[in-house]
Every structure is written in C-alpha cells, then in structure tokens.
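Computed over heavy atoms, backbone and side chain alike; hydrogens, waters and symmetry mates excluded. Just so we're on the same page: letters track the sequence lines, and every chain starts at 1.
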There are 2 protein chains.
Amino acid sequence: MTTGRNASTPLRGRIDKRAAILDAALRVFVQEGYGLARVETIAERAGVAKPTVYNHFRDKENLFRTVILDGAQRTGDRIVAALDLLPDDGADLAGALTRVARNVIDCQLNDEGWALQRLMYAEAARFPDLFDDALRLGGAHVHIALAGRLARLAHRGHLDIDDADLAAGHFLALVSGDLPTLSALGTRAVTDHDLQAAIAAGVNTFLRAFNATPPDPNRRPAPTTRASTSR
Amino acid sequence: MTTGRNASTPLRGRIDKRAAILDAALRVFVQEGYGLARVETIAERAGVAKPTVYNHFRDKENLFRTVILDGAQRTGDRIVAALDLLPDDGADLAGALTRVARNVIDCQLNDEGWALQRLMYAEAARFPDLFDDALRLGGAHVHIALAGRLARLAHRGHLDIDDADLAAGHFLALVSGDLPTLSALGTRAVTDHDLQAAIAAGVNTFLRAFNATPPDPNRRPAPTTRASTSR
DNA sequence: GATATATTAAACTCGATCGTTCAACATAAT
DNA sequence: ATTATGTTGAACGATCGAGTTTAATATATC
C-alpha cells in the first residue's frame, strides 16, 4: 500500500496539491457520503499525507464546503460557455437547441456534475446554506444566460416567448427531466441513443410550445428522430 | 435522559413498534445521512429501546433498505391515487391538469417525499440496486398511470398527443422541474404563491404544446390562471 | 550553503458508534 | 400462577475515525 513517494507520486509543485485534494475529496465524498468519507482515504487518493489535508483545509466540513462551491462554480461556468453556441438568428432552431441541450447535459451528466448534484441532495439537510450558495454560483448563471439567449431569439421573432426566464426553466426541465430516471441518479451510464431521444423529444415539445413560425398549423414542428422510447 | 417507561411511553401493541421505528428511521436518516445516523437516535425517536430495533431489523443497512422501499411504495401509491381526479372529458382541461399537478406535487413536496428523494440521491452510490427497486415501486406506477390518463384524453380528441408516455414525462418535468430550486432541495418551505405560479406556468406550457383545440391561434391558452384555488 | 516553509509517515488522543449481552420487566395465553 | 415471548435500560467490547503531534525530509529563497 503505502504509495507514499514512489515513482508513481511525481511530487509536483506545492500549489496543485490543493487541487489534487479537492479532486480526490469530491470522488470520495460522492462514493461514501459525507459521514462515511474518511479523510485518510481522501489523502491517499490525492497522493498526499493526511496532515497536508488539514494544512490546506481547516477540517472535514470546511473541505466539504470548498469542494461543493468550487465544483458548482466550475460546472456552471462550463455550461454557460456551452450556451455560446446558440446562434442569434433563427436558422435551424431545432438543430441549434438540440446542440445546446446536448452540451448543457454533457456538463451535468458529467461525473463531476452528477457527483455535485448528488452530494448537494445528500447533505442539503446538514448544510442548508451551502445549497443556496452553490445555486447562486452555478445554476443561476446558467438560467440567466439561457434566458438571455432565448429572449433575443424571441425579440427577433423566432420564438413566441413572453417570459424568457420561465421559458428557460421549461427548456431545461423538458430536456433534462428524464435524466435522473434514465441514469439511475447518475449511477448508470446512459446510452447515447436514449440520451439523444430524450433531448430530441424535449426540444420537440419546447418548439411545439414556443415556436413562432410553425411550418404547418396542424403539424408537429419536426418528426424528431423517431425514438422508439422503449420503456 | 432516561425517558424510560414513564407515562410518556404508552407501551402500545408490539406490531406497530415496527412502524414507529420505520417512521423515526426515515426522519433520522434524512436529517443525518446514512453514515452519521445513529441507531440509538432512531430508537429514541421511535420511543423504543435499541435492541428492539435490532430485533425487528437485522442491522442498520437492512433497516435503511426497508425504510426506502416502504416509503417509495407508499408515496407512489398516494400519487397514483391522486391521479384519479383527472376527468376523462375535456371540460376545463387547464383546471383539471392544474389540480392533478397540485396533488402530485403535494405528495412529492411532502416531508416524506422529499426525504425519500434526498435519501436516494444521497445513497445511490452505496446502494445502487436499491434505487432501481424504489423506482419500480414508486415512479414507474405514477408514470404509467399518468400516461394512461393522457392517452385517453388524446384518444377523445382533447389533446394532441402521439406518445403518451413521453407527454407524461414532459408534464411532470414542466410542472415540477422548478421545485428543487424553489424549495432548496426540500429544505425550505415553498410559498403557496410560488408553487401555484410554477404549476400554472407548467400547465400553460404543456397545453401550448399539446392542446388539441387552441382557443385562439395566436394566444396562449390561458393567462396563467390567476386562480384563487383556496390554500 | 543556509534558512524558512511545506510535506511526510507514524504514532497518538479522544470520542463516538455498531452490535451484543444480560438481568429485570411487561404481556398474553395456557 | 406459570410459561413463552417481546421489551427495556444499561453496560460492554471492539472498532473506527477526526484531528494533533513529532521528528525527519524535501523544496524554495536568499
């Protein structure tokens, strides 16, 4: 065991040990839950001695809080960045929305994204304030950014939206609502097929509700990749 | 301490001690998480001695599994029962859907419902099979029941739905997608006003997408139901 | 090279918790 | 009244984990 300072432990600079600890801590916290996660395990997985953990972070609780807030920040930023690929013109709205949804979900289906979500759910009772902070750092930015994009599309006549904030929420709900079930709360891998089907269906419904220029008054906007939706 | 066998301990029948233990266990597990939940605390809250807990349930893990599956079963049954009030005729579709959504949500916003959801999220990594079982017992029934109701409404021409299963998922997502954010994962009470607004908006979008008889081609189906809806 | 700082392994303190054991007690049926 | 079963409080053994201390070592700065 003692994987101490073997050749496998590069002994890189000092600063990034903090990052290594945060990374390992996230994985261990998710796997074991806050209560059963052992600081020594975290130290081992980070390739670091236990006192080093206590040197960087005062105690277990402080480490946990930092893990959550750091992760929420990064995940939120990544999603907001993904929103950049939503064009302002209405060309191929369905395709653009599908790609956006795919990117947003890729950030949340991420090992890290699910891990954070599960951790927050898990420990929301013990750290009530923490969830609010994480939401402000992560979710809120995503919501606002998406709402802004949708509002611009609506303003140019490509979408029929009066409350962009609401529409953004509904878009996210439609497109990712099935994910917890499909992935068993992130513990099971989702097949690409199921994921694409879920996204296509969500985009489809979203456009049925908000598309400003229905190609045919009585038709669904797009046949949307006839997902068999087995189960 | 020793709140032993005072007048405060009714010493009721033997069987319902099992129920009392399950009830207390759910609350304590939710509050503390699986790892930090103390069996002794559960015993105290149930008004029962610790060995009694081990008498009814082999160990902590077995107790936990029983708590989850029991709760999922009951919550699912309650929601399915709530779906009964969705009428088959299309009279006042928006009102009926709103009431259904309200009832479904009341079962999930329930202390117990949130508790179960949070626990499953929390311990999904440690008990992977447990989540699947709970989903089968709880969520699946709800989904199927709602899909059946929607399919009947569609068949009678009141809704424009080709895949009722998908529509059911989208309805639930639209109507309850904002709840985790609003209630801070169930740790904060949601004001009735916010809840009604979220439901109304969800139903509104759902009908924009699936209503078979839009009252006006260019209008939203309902101005978000200013709804007195007592309570 | 000398000095200040960060890291390491190991051992330690201290408290908490699981699951068990046991003697006394309640309850129901015989 | 007696027997069988379930409950109770209390204490116990064993383990486990958070956080600290220490002496030695590696690194960075001067």
Non-neighbouring partners of Ala96(A) that pass side-chain contact (heavy atoms from CB on, under 4.5 Å), sequence neighbours left out: Leu86(A), Pro87(A), Arg99(A)

Separation of dC18(C) C1' from Asn62(B) CG (nearest whole Å): 15 Å

Whole-Å distance separating the CD atom of Glu32(B) from the P atom of dA16(C): 14 Å

Length of the line joining Asn55(B):CG and dT21(C):P, which is rounded to integer Å: 13 Å

Quick one, give me the B/S/- string for nucleotides 14-20 of chain D, reading 5' to 3', where B means a protein heavy atom under 4.0 Å from the base and S means that only happens at the primed atoms, P, OP1 or OP2. ---SSBB

Pairs touching residues 115-132 of chain A that satisfy salt bridge (charged side-chain N to carboxylate O under 4.0 Å, His left out), sequence neighbours left out: Arg65(A)-Asp129(A), Glu123(A)-Arg126(A), Arg126(A)-Glu32(B), Asp132(A)-Arg188(B)

Run the side-chain contact (heavy atoms from CB on, under 4.5 Å) test against Asp163(A) and tell me which residues pass, sequence neighbours left out. Asp165(A), Leu166(A)

Contacts of type side-chain contact (heavy atoms from CB on, under 4.5 Å), residue Ala101(B), not counting sequence neighbours: Phe171(B), Val175(B), Ile199(B)

Within less than 4.0 Å of OP1 or OP2 of dT7(D), is there a side-chain N or O belonging to His56(B)? yes

Any salt bridge (charged side-chain N to carboxylate O under 4.0 Å, His left out) involving residues 33-42 of chain B? Give me the pairs, sequence neighbours left out, ordered by first then second residue. Arg38(B)-Glu40(B)

Give a yes or no on whether the backbone of Tyr34(A) and the side-chain of Lys60(A) come within a donor-acceptor separation of less than 3.5 Å. yes

Any residue of residues 124-131 of chain A with a heavy atom less than 4.0 Å from an atom of DNA chain C: none

Can you pull out every side-chain hydrogen bond (donor to acceptor under 3.5 Å, both in side chains) where at least one residue sits in residues 174-185 of chain B? Sequence neighbours excluded, please. none

How would you list, by chain and number, every residue that makes a side chain to side chain donor-acceptor pair (under 3.5 Å) with Asp84(A), sequence neighbours excluded? Arg149(A)

Short side-chain N/O contact from Thr52(A) to OP1 or OP2 of dA6(C), under 4.0 Å: no

Rounded distance in Å - CZ (Arg18(B)) to C1' (dG6(D)): 15 Å

